[in-house]
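Contents: one structure, followed by commentary.
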There are 2 protein chains.
Amino acid sequence: MGQDLPVTSFALLGLFTFGDDDGPRSLTGYELKQVADATLRFYWVSPAMSQVYKELSRLAERGLVSPSDDERGTTYSITSAGRSALETWMRESEPGFSVLKHPIALRLLLGHLVDPSTTLAMLRNHLEALDREREALVEVRESLRGADAPRQTFRHPSLVADWGLEYFAHERLIIDDLIRRIDQDE
Amino acid sequence: MGQDLPVTSFALLGLFTFGDDDGPRSLTGYELKQVADATLRFYWVSPAMSQVYKELSRLAERGLVSPSDDERGTTYSITSAGRSALETWMRESEPGFSVLKHPIALRLLLGHLVDPSTTLAMLRNHLEALDREREALVEVRESLRGADAPRQTFRHPSLVADWGLEYFAHERLIIDDLIRRIDQDE
DNA sequence: AGACTAGTGTTCCACTTAGGAATAGACGAG
DNA sequence: CTCGTCTATTCCTAAGTGGAACACTAGTCT
């Protein structure tokens with residue numbers, strides 16, 4: 001069967017597996033996009049709206065989600081075929097290594113093209129952006145409290161969120177240090 | 001003028017600014033791909049071959065690099081227009097925030113779908129992959145020694161490489177900790 | 001009441017990027 | 001003198017982006 005879907009498909013499909021207390025999750029494309037923006041974006045991507053809808057039709061075509069019309073619009077929920085496709089993917093495919101697209105690092109690399117004050121200003125702005133992102137992730141983390149103990153629904157999401165928070169905290173330290181080093185170079 | 005190029009164009013263009021001791025750098029598409037694989041991949045992307053050649057023709061069209069045929073094939077070097085386009089881009093465009101695509105984090109998020117031993121195995125494999133990547137970056141860092149002092153050619157590349165090494169070291173700690181936490185959950 | 005903003009829900013299109021395969025010459029090893 | 005590997009390049013397709021367009025709902029301002 002065609003389980004050869006891009007990672008983003010499985011990522012979106014996976015979001016359907018965090019059932020509310022009352023059964024499996026059903027979401028419209030719009031809602032799925034909100035969920036992805038709130039969570040996936042920190043360590044995967046924030047897919048475009050058009051992408052979300054395209055994924056949903058593809059997943060529906062393959063029977064991994066099932067659409068149904070209700071007063072909210074077209075809502076989708078994961079099927080048992082979808083759940084088992086996810087499990088197979090988790091168990092049997094290679095994760096691959098992470099890809100980081102870091103415009104600040106890229107521009108720091110090319111620091112010899114501008115004067116140090118430009119680079120320093122960029123790094124200081126980045127510290128602020130970092131704080132804003134961290135804030136957003138703190139909110140996500142807080143929203144998981146209450147169901148984040150070892151066998152509860154949000155155990156794994158909370159592990160990932162903690163990882164992200166650590167990541168932001170450490171990046172802050174590194175940038176502080178870089179600012180110090182570049183300042184001294186002067 | 002059309003300075004509205006994607007970041008990857010500027011990233012590749014930027015690689016031409018690290019002149020060897022004897023003047024500006026001239027590279028074939030193939031060589032440029034090697035350089036990108038060795039350096040850019042750690043904090044931007046490893047563009048596909050096809051992408052590299054497409055970029056080079058576009059940059060040449062706009063006069064930012066100039067092609068010339070020699071015995072190696074078609075080689076390109078940066079023009080003064082290219083250099084100033086880069087500088088303008090560095091000074092005047094918004095960097096934007098970083099995007100991380102981390103398959104391990106994504107799969108950890110969905111940890112409730114498989115048993116803990118699968119997740120643990122994945123994390124342990126990731127530690128090894130991390131060490132391999134770190135090793136590759138260590139080599140890059142070593143290759144910069146000798147020209148990495150405050151005003152030398154590889155000052156900025158070495159700052160970025162140090163950042164990357166810190167990043168890998170810290171991720172290692174986080175993964176170790178996650179393994180410990182998941183092990184205890186059992 | 002009427003106008004106006006903001007949020008929800010969805011589709012379409014054009015464009016860019018990414019990945020892989022295919023091709024081809026050159027070069028050294030067996 | 002053939003095989004594999006490195007260099008160099010092109011082509012095709014899939015994946016992903018961004019913006020425009022459209023429609024419907026609900027609340028706010030005047």
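A, B, ... follow the sequence lines: proteins, then strands. Residue 1 opens every chain.
No side-chain donor-acceptor contact under 3.5 Å links A:Arg58 to the backbone of A:Lys54.
The nearest whole Å value for the distance from the NZ atom in A:Lys33 to the C1' atom in D:dG16 is 12 Å. Rounded to whole Å, the distance from CG on A:Leu12 to P on D:dT17 is 10 Å. Look at CD on A:Glu71: it is 12 Å from P on D:dA26, rounded to the nearest Å. When rounded to the nearest whole Å, the span between CG of A:Leu27 and P of C:dT8 equals 14 Å.
Note: A:His126 and A:His102 have perpendicular aromatic rings, judged against thresholds of 30 and 60 degrees for the angle between ring planes.
Aromatic ring centres of B:Tyr167 and A:Tyr167: separated by under 6.0 Å.
By the side chain to side chain donor-acceptor pair (under 3.5 Å) test, B:Asp183 pairs with no residue at all, sequence neighbours left out.
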If a protein heavy atom is under 4.0 Å from the base, mark B; if only from the sugar-phosphate, S; if neither, -; do that for nucleotides 9-22 of chain C going 5' to 3'. BBBB----BBBB--

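With contacts defined as side-chain heavy-atom distances shorter than 4.5 Å, the pair A:Val140/A:Phe42 qualifies. The side-chain heavy atoms of B:Leu12 and B:Leu40, taken from C-beta on, include a pair separated by under 4.5 Å.
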